[in-house]
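Quick note on labels: first sequence line is chain A, next is B, and so on, each numbered from 1.
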Amino acid sequence: MNFIPPDFAPASSEIFMLIMVCVVMLADLTAGDNRRYVAYLLTQVTLLGCAILTFVSFSTEIKHTFYGMYVDDTMADILKLMVYGTVSAVLVYSHAYISDRGMLRGEFFSLILFATLGMMVMISASHFLTLYIGLELLSLSLYALVALRRDSIVATEAAMKFFVLGALASGFLLYGMSMVYGATGTLHVSQLAQIIQSEASSKEVLVVGLVFIVAGISFKLSAAPFHMWAPDVYQGSPTAVTLFIGSAPKFAAFGFVMRLLVEGMGEMVSDWQGMLVILAVLSMAVGNIAAIAQTNIKRMLAYSTISHMGFLLLGFISADSNGYSSALFYVIAYVLMTLGTFAMIMLLCRSGFEAENIDDFKGLSRRNPWYAFITLLLMLSLAGIPPMIGFYAKFAVLQAVVNAGYVWLAVAAVLFSLIGAFYYLRIIKLMYFDEPETTEPLVPNSDVKILLSANGFAVLALGIFPQSLMGLSLYAIQNSM
Amino acid sequence: MSFEFPLLSLIIWLPIVFGIAVFTTGNDSNAQLARWLALAGSILGFLIAIPLYSNFDVTTGVMQFVENHVWFERFNVNYHLGVDGISMPLILLNCFITPLVVVAGWEVIKERVSQYMGAFLVMSGIVNGVFASLDAILFYVFWEASLIPMFLIIGIWGGPNRVYAAIKFFLYTLLGSLLMLIALIYLYQASDGSFSIEDYHKLAIPLTPQIFIFIAFLLAFAVKVPMWPVHTWLPDAHVEAPTGGSVVLAAILLKLGGYGFLRFSLPIAPDASLYLADMMIALSLIAVVYIGLIALMQADMKKLIAYSSVAHMGFVTLGFFLLNTYGIEGAMVQMISHGFISGAMFLCVGVLYDRLHSRQIADYGGVVNKMPAFAAFFMLFAMANAGLPGTSGFVGEFMVIMSAVKVNFWYAFLAATTLIFGAAYTLWMYKRVIFGAVASPAVEGLQDISKREFTLLAILAITVLWFGVYPYPLTEIMHITVDQLLAHVNNSKL
């Protein structure tokens, strides 16, 4: 039998990543307790190496490999670069936090890298099985990360919830995929689109499959009514892990939606559009209203995530490159804001003290005007107030929604974001209008200091000059469709 | 006339740059530096705005000092600036008020001085941006951004109930503006991808969408003006804000709403404006009469002036929707004049509050015995607030009433009651505060106004009298623009 080896080049960064994960594990094993930074540095090097590989192989050509199960296109490259950058920032932000809490171990880094590898596979998958493998690699690593502090009861509880509900969602997804396979006889994303177009398949079975797939996606995106896990997991996880869960996987989730719904089942747009409308409205309603009642900052941000995911789904509703690119822009903006916000929470934590309650922000402008200002920018951006980037993200999505003829949906979206503005304002109120409860100064490491300032400043600067990111989002989508 | 120098950009960004510089002076050990830097920035901001007046061509209604650059092409948004006879006086008013506000907070603000002064300068720049924007998104960005400094000013330096007032202020205004954003996006679609306000003016829209657009804009602008029944945030915000905040709020931020009507509602949805004019007039008259009566009953001086602001701004919207030259020009004059008078009134209350830390009318009495110079200034501004001929307060009100007579006698009749109510609530308050026997030992110990306060009030007093006697420079600037606007509104888009 003649075996033709596949072209490994398009997956070079994934292969590099896999090798390096093993290297990190082994290096940490031999480095011993005093040299934990070895694993940290190696992880950063890995991400940098992957970024270089992805950047070098960057082209606007769409390359399929592994017998059509894997794809390397512009969108995948750009999303992966975003993922590397995000993960790297996560590590910088959480370094001090995890070393204070005895979590600075090889497991943390190798799990993070495995999760990153899972995201990369998801982003580049063009076959249902590849997609599923990537998703599970990501999810299993995340379950383990949440449970990393095994002596913490809340963390264990969160991990259990996450695992059980995540397994259920994976089951939904697999069931939906099997339905689609039954109807069309293929698992290849590109072939699927052709078969659906030729109407050679049973529409009823397809729609049933689609419902399960959308349910699975909603779970991963934490869109209401499949959001129940998010508040508990966000609250229970160590903040460094929450930061990780809340940031980079959103890029993977975006890629996931693009591959499954847009590339694979784009012909069924009229079927999934309606589902997304319901999910989006519910998410915005549940997220924004429930967030008001929260006193735990991480829980509040979990609900805020839910509402942002609702907004993100709005971008898909218009079903054209304008809408998808605005959704991508929204994800980038969202991740940027989330990174900064959780970094601020970790900055407020000290060894032996977890900043968990929104009251921990009290009087921050007295304690440290600069970080209070950064947080002000982040909160206003989350609330969608110009000239912060969060406004342009909302603006782009609303524009796509109005363009698709759903003016009422745009009105509903802005009304919910008005409700949302309240709880972001409350953080600003605590920082600026209230007296501090502690006068202990904030002393971040210089790398955190620089990165956090840059992060906060980027929220403002990219708001004043939004063209670059908007153009990049459009470029990524247009070259991949 | 073309003017190569980017004057408008300078007018917008210079105060903002100075504001940021003031922020960087840091904590209160550098307070004096922050004050002087802020004063320098605000005075410079006013000086560079003067060429706007001296080089303004009053014979044309087209946009002047135009700057147009691409901002982000993804949505065809431009950095497009320009002024006409409507926006130019408002920019000047803003640049004029800013130094006064800085001086008003000179000794009074002792905590976080740099943040206070910086916030006012940044806001001044942002407000200039609102008035000068000819691109809808640029306008929107400035419009919303102006909320941020005001929110902080009320919340940080305000009175006991400041948090409630600040959040109410923010959310109320945000509600209106978000719906405006939807209307702007709708117009972007309808105009095949343009955010230029001037393109929207030419855009033909059927009546039903026009009405929806009008209502979306109405919500945004009515909250800002504020019109009855969405005025309830204003008394709270005014009462809690520090003196400088109240001055800017009354003198400048309320004008954003009035400006919005002239720039957006009337020219973009002229048929809807005609269709709904009766409703708008009714709302305005309710503001004039009903809010005037409410003002009569206030025990808190700041609240009283806040309600009187609502009533006066009711005159402005009344003038707009009478839809004739006198009405709109009168309303414009009223806006400018209200900027001076309400600012001065709040400064006067601030003078008293700084000494006694009370805004209750009942805590005062016989102030004239201790503060004769102050009493004289307060008298002038109180008279101007009541619309006494010879002060700028009279000119606008008179023009609007004149034009109302032409439209409908009863409109004029109801509008004219303001001359009675206005006099009643202002002068009654004046009498209780200033005249009578010395009310308490605290009043007995009052010191008359300092040189700083004297200068402030004197500048405003001269302005109020000047425009009361000779309003021609103001009407001359806006005349052609207003005529064009009216011609445009009367030309149906259907």
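Nearest heavy-atom pair, B:Gln115 versus A:Tyr432, reported as atom, atom and distance to 0.1 Å: OE1-CE2, 4.3 Å.
Highest contact tally toward chain A, considering only B:Val70, B:Leu184, B:Leu178, is held by B:Leu178 [criterion: heavy-atom pairs under 4.5 Å]. Across A:Ile419, A:Ile464, A:Leu425, the residue that shares the most heavy-atom pairs under 4.5 angstrom with chain B is A:Leu425.
In this structure, chain B has heavy atoms under 4.5 Å from both the backbone and the side chain of A:Ala396. Neither the backbone nor the side chain of B:Ala216 has a heavy atom closer than 4.5 Å to any heavy atom of chain A. Residue A:Phe391 touches chain B through its side chain alone, counting heavy-atom pairs closer than 4.5 Å. Heavy-atom distances place the side chain of B:Gln189, and not its backbone, under 4.5 Å from chain A. With a threshold of 4.5 angstrom between heavy atoms, B:Phe23 does not approach chain A through any atom at all. Looking at A:Leu398, the atoms closer than 4.5 Å to chain B (heavy atoms on both sides) sit in the backbone and in the side chain alike. Interface remark: B:Ile148 contributes side-chain atoms only to the contact with chain A (heavy atom separation under 4.5 Å). Heavy-atom distances place the side chain of B:Leu181, and not its backbone, under 4.5 Å from chain A. Contacts between B:Tyr140 and chain A at a heavy-atom distance below 4.5 Å involve backbone atoms as well as side-chain atoms. Of the atoms belonging to B:Trp71, heavy atoms from both backbone and side chain fall under 4.5 Å from chain A.
Interatomic distance, B:Thr24 OG1 to A:Trp370 CH2, rounded to the nearest 0.5 Å: 11.0 Å. In this structure, the separation between OH on B:Tyr164 and NZ on A:Lys429 is 14.5 Å, given to the nearest 0.5 Å.
For a heavy-atom cut-off of 4.5 Å, chain B lies close to no residue in residues 328-337 of chain A.
Side chain of A:Gln467 to backbone of B:Arg74: a donor-acceptor contact under 3.5 angstrom is found.
The shortest distance between side-chain heavy atoms of B:Leu175 and A:Leu415 falls below 4.5 Å. Between B:Val77 and A:Tyr392, every side-chain heavy-atom pair lies at or beyond the 4.5 Å cut-off. Using a 4.5 Å heavy-atom threshold, the side chains of A:Gln399 and B:Tyr188 count as touching. Contact check for A:Phe433 versus B:Ile154: no side-chain heavy atoms found under the 4.5 Å cut-off.
In this structure, B:Phe212 places its CZ atom where only 12 or fewer heavy-atom neighbours from other residues, nucleotides or ligands lie under 6.0 Å away. A 6.0 Å sphere centred on CZ of A:Phe373 holds no more than 12 heavy atoms belonging to other residues, nucleotides or ligands.
Under the salt bridge (Lys or Arg N to Asp or Glu O under 4.0 Å) criterion, the residue pairs touching residues 366-392 of chain A are A:Arg366-A:Glu435, A:Arg366-B:Glu111, with sequence neighbours excluded.
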What verdict does the side chain to side chain contact (heavy atoms under 4.5 Å, CB included) test give for B:Phe170 and A:Ile385, after you've listed the backbone C-alpha separation in whole Å, the side-chain angles of each residue and the deciding distance to 0.1 Å?
CA-CA 11 Å; B:Phe170 198 102; A:Ile385 309 291; 3.8 Å; yes
For A:Val401 and B:Ile185, run side chain to side chain contact (heavy atoms under 4.5 Å, CB included): C-alpha distance rounded to whole Å, both residues' side-chain angles, the deciding distance at 0.1 Å, then the answer.
CA-CA 10 Å; A:Val401 171; B:Ile185 292 174; over 6 Å; no
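Between A:Phe395 and B:Phe195, the ring-plane angle classifies as tilted under the 30° and 60° cut-offs.
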